[in-house]
Protein chains: 2
Amino acid sequence: MNKNRVTITDIASELNISPSTVSRALKDHPGLRKETKDAVRALAEKWDYQPNLLALSLLHRKSNTIGVIVPEITSHFFSAIITGIQDVVGKSDYNIMICLSNESYDEEVVLVKKLMNMQIDGVLVSTSSETENFDHLRKLQKNGIPVVVFDRDCPGLEADKVLVDDYSGAFQAVEYLIATGCKNIAHLGGPLNLSTTGHRLNGYLDALKKNNMPIREEYIVHVPGFSHKDGSKPAKKLIQLDNPPDAIFAMNDNIAISAMHVAKKMGLRIPEDISILGFDDEPHSSFFTPPLSTVWQPVYSIGMLSARILLSHLNSPDTVLEYRKEIFIPELVIRSSSKAN
Amino acid sequence: MNKNRVTITDIASELNISPSTVSRALKDHPGLRKETKDAVRALAEKWDYQPNLLALSLLHRKSNTIGVIVPEITSHFFSAIITGIQDVVGKSDYNIMICLSNESYDEEVVLVKKLMNMQIDGVLVSTSSETENFDHLRKLQKNGIPVVVFDRDCPGLEADKVLVDDYSGAFQAVEYLIATGCKNIAHLGGPLNLSTTGHRLNGYLDALKKNNMPIREEYIVHVPGFSHKDGSKPAKKLIQLDNPPDAIFAMNDNIAISAMHVAKKMGLRIPEDISILGFDDEPHSSFFTPPLSTVWQPVYSIGMLSARILLSHLNSPDTVLEYRKEIFIPELVIRSSSKAN
DNA sequence: TTGTATGCGTTATCAG
DNA sequence: CTGATAACGCATACAA
C-alpha cells in the first residue's frame, strides 16, 4: 500500500477549504456552491483521488465483505458453487473473501477467527470433512454475524442452510440400479462424519431395504478422500470379492471414474458385467467411455441461493425470526455406465 | 458486523486504566506491572476480546491482504494455481482476496479499482482474454502496489511475470506428432489476443516449418472459449475437410476431449486414424478412452512461485531493481490418444 | 509503571 | 453554504 495516496485532506488543504466540504462535494451533497463542488471534483479527478475503503469500514463498522469458506476449490463442485455466489454478490455492493480450509478443522477455525477480526459482515461456509464441533460458527452468530451453511450440513447448528437431498439422490440411484436388474450393489462411500456421506449411505441402505435386498457389510467401503487416487484400491477390493458386486454406486464422479478404470482393467464390461454410477455430474463425465451415469446437483443454484439468503439478512436490520432450510433435490442422469431401464 | 464487539477501551474502563496500558498488556510490552498485565489478560480472555484488524490496517496503512485476480476458477488450471498461492500465502501473515474477472476486461478493471481502494498490499493477476490494455495494472504500480502477472503475459507491461513457455509446449507436441508419422496436423487454437494462444500457435507453426511441412490455413481453427462445448463444432469442421487432418493439437484438454468425442462419433479410430493431443494435463485426462496425450503444466508451482515473488517484494521495503521473469517449461505426457514413437 | 495526546481517512453533527 | 469537532479502534511518542 502506498504511503502517499491522495486523501480528502490533501485536496482540502490544496483548495484551502475543509475536509468536510471536500467530502460533501465528492458525494454530491445538496446545498453546496457549484464552484466549490466543481473545483473539488476537478482536483480529485486530476489527482486521481480514490476513497479509502478501510477508513469507511472502520467508521461505519461495516466492511461490506462476505467471507466464503470452502474445503477446496479444485473440484468442479465447489468452484461452481463459488461462481454462483460471486455472480450474486457481485451485483450487490458486497465483496467476497474466499478462504480454503483444506479439509482441516484447525485451519477452518483459524479462518473463521481471522474473518471475524477482519470485521466481515457475513459468512457462507461449507465445513471441512473433519469438522464435528460448530462452536466457531456459533461464535460468529453470537457476534451478530449471520452464517449460511451450504452443502455440508452442521447437525445441531441453528443457521440458514442450503443443502442437497443426498438421501434422495442416493435412493434414486440405487432404486434405478435395482430396477435395471442389479442384484449385488456395492457402495463406495465418502469420508465418515461428513453429513453428505451419511445421507448417501442411508439412501443406499433404505433403497436396498425397501426392495428386500440383503445388506452386505463387505459391499460398503469408505474412501479416504475425494479424488481419483482415493478410489482405485477400494474399487479393486470390491471387485476381488468372492461374490463381487454387479453394480457400484460411488460417492462422487471421481471415485466412479476410478472404479470404472479399475473394472475395465480387470476385464469387466461396463455395464454388462458391472454398472457404475457416480454423483455430481461434472462437466467431464459425459465424455468417458462409457459415459458416466450419475446424480446431478444444482451447484450453481446452491451458490446463488446461499448468497441471496445471506444478502437478505445483511439488508434487513433486524434479527432473523426463523432460519431457512432449503433443500435441493438432485436428479438422476442416466448415461451408459449403467444398464438401461 | 456486530456493533457491540468488545474493544480495548471497554477493557480499559472496566479496569480503570488507560487504553494504552491495555494495548501494551495485550502485546506483552516490557515494563508493565505483572498484576496489571494479568488483570488485562484475564478480562480479555473472559470477554473474548478480538482485535479489530480494520483499525490496525488503517493505522499501519497496510491491510496485509493480497488481491488475486483470475478469469475463472471452474477449470482445474486456475483453481490449482490458486491452491498453490494459498499454500504459500497462508504461511505468511497475509491473506488473499480472490476475485473473478469472468474473462471480462470491464469487470477486471472494476476489480482492480476496488482492490486498490480496499488498500490491498499487492496483486497477483492473470488477465481476462479480452484484456489488451494494462493501464489499470500500471495504476496499481504507480500507487506502490506490486503486481505479479502469471500464466497470461501482458505484453508491454513491466512487472514480475511467472509464465509457461507455451511456445515450447506446442513445439514439443507438434514435433512429436511429426515424429510419429502424422502428415496433416491441425490446430484447435484458443481465443485470439491471448498471449498463450499466440505462443502455442507459433510453436505449432515453427515445428511445421522446421520439418518442412506445409502450413494449411484450413487446419488452423480458433475456438471461442475453453470448455467442451466450444470444441465440438470446430473439431467437426476439421474432420469434415476434403483433406482431413491425421492429427489435432488442441489448445487445452477440454477441447481435445471434445475433439476425441467427435472423431469417435464420426467413426475414426484414435490414434490409428487421427492422433489427438491436448494441453494442461488435467486430473481426469488419463481416464479417457484412449487416455489423452497432453502437455503438462506445473500449475501448483506457478501459484507458489508467483506468491513467493510477491511476498518477497512486500517484505523488502525498497523498490524493485529489476523485474523477474520466470518461465516454466511444460512437459509432454504421451498416453494413447497419439501414436507411439 | 502508567497515562495523555495524536493520527490513520472519512463522515455526521452541530455551529456559524 | 461551509467549517470545526468528534468518532470508528488501535498503537506509539512523549509526558509524568
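Note: hydrogens, waters and symmetry copies are ignored here, and every other heavy atom, side chains too, is used. Quantities reported herein were computed from a predicted structural model and do not represent experimental measurements.
- Between the side chain of B:Ser20 and the base of C:dT2, no donor-acceptor pair of N or O atoms lies under 3.5 Å.
- When the nucleotides D:dT12, D:dG9, D:dT2 are ranked by their closest atom to the side chain of B:Thr7, D:dG9 comes out on top.
- The line from NZ of A:Lys161 to OH of A:Tyr323 is 10.5 Å long, rounded to the nearest 0.5 Å.
- Straight-line distance from the NZ atom of A:Lys62 to the P atom of D:dA7: 23 Å, rounded to whole Å.
- The nearest whole Å value for the distance from the CG atom in B:Leu54 to the P atom in C:dG9 is 14 Å.
- Residue B:Pro19 is out of contact with every strand shown, counting any heavy-atom pair closer than 4.0 Å.
- Rounded to a whole Å, the CG atom of B:Leu56 is 19 Å from the P atom of C:dG7.
- Atom OG in A:Ser101 sits 8.5 Å away from atom CD in A:Glu130 (nearest 0.5 Å).
- As a whole-Å value, the separation of B:His29 NE2 from D:dC14 C1' is 14 Å.
- At whole-Å resolution of the value, CG in A:Asp38 and P in D:dT2 are 11 Å apart.
- Using a 4.0 Å cut-off between a side-chain N of Lys or Arg and a carboxylate O of Asp or Glu, A:Asp93 and B:Lys114 do not qualify as a salt bridge.
- For the pair B:Ala55 and B:Lys37, nearest-nucleotide mapping onto DNA chain C gives the more 5' position to B:Lys37.
- Taking every side-chain heavy atom of B:Ser18 into account, C:dG3 is the closest of D:dT2, D:dA11, C:dG3.
- The side chain of B:Ile8 has D:dA11 as its nearest neighbour among D:dT2, D:dG9, D:dA11.
- Considering only side-chain N and O atoms, A:Thr9 lies nowhere under 4.0 angstrom from the phosphate OP1 or OP2 of C:dG9.
- Here A:Lys142 does not pair with B:Asp48 in a salt bridge; the nearest charged N to carboxylate O distance is not below 4.0 Å.
- Among the heavy atoms of the strands lying under 4.0 Å from B:Leu59 is at least one base atom, whether or not backbone atoms are also near.
- In terms of heavy atoms, B:Val22 sits closest to B:Ile17 at CG2-CD1, 3.7 Å.
- Taking 4.0 angstrom as the limit, A:Arg24 places none of its side-chain polar atoms (N or O) nearer than this to OP1 or OP2 of C:dT11.
- In this model, no side-chain donor or acceptor of A:Arg61 finds a partner on the base of D:dG9 within 3.5 Å.
- Atoms CG (B:Asn16) and P (C:dG3) sit 9 Å apart, rounded to a whole Å.
- If you measure from atom CG of A:Asn117 to atom C1' of D:dC10, you get 13 Å, rounded to the nearest angstrom.
- When each of A:Gly31 and A:Leu58 is assigned the nucleotide of DNA chain D bearing its nearest heavy atom, the one mapping closer to the 5' terminus is A:Gly31.
- Across the protein-nucleic acid pair, B:Met118 atom CE and C:dT10 atom C1' stand 16 Å apart, rounded to whole Å.
- Contact annotation: A:Thr21 side-chain N/O to D:dT2 OP1/OP2 distance is not under 4.0 Å.
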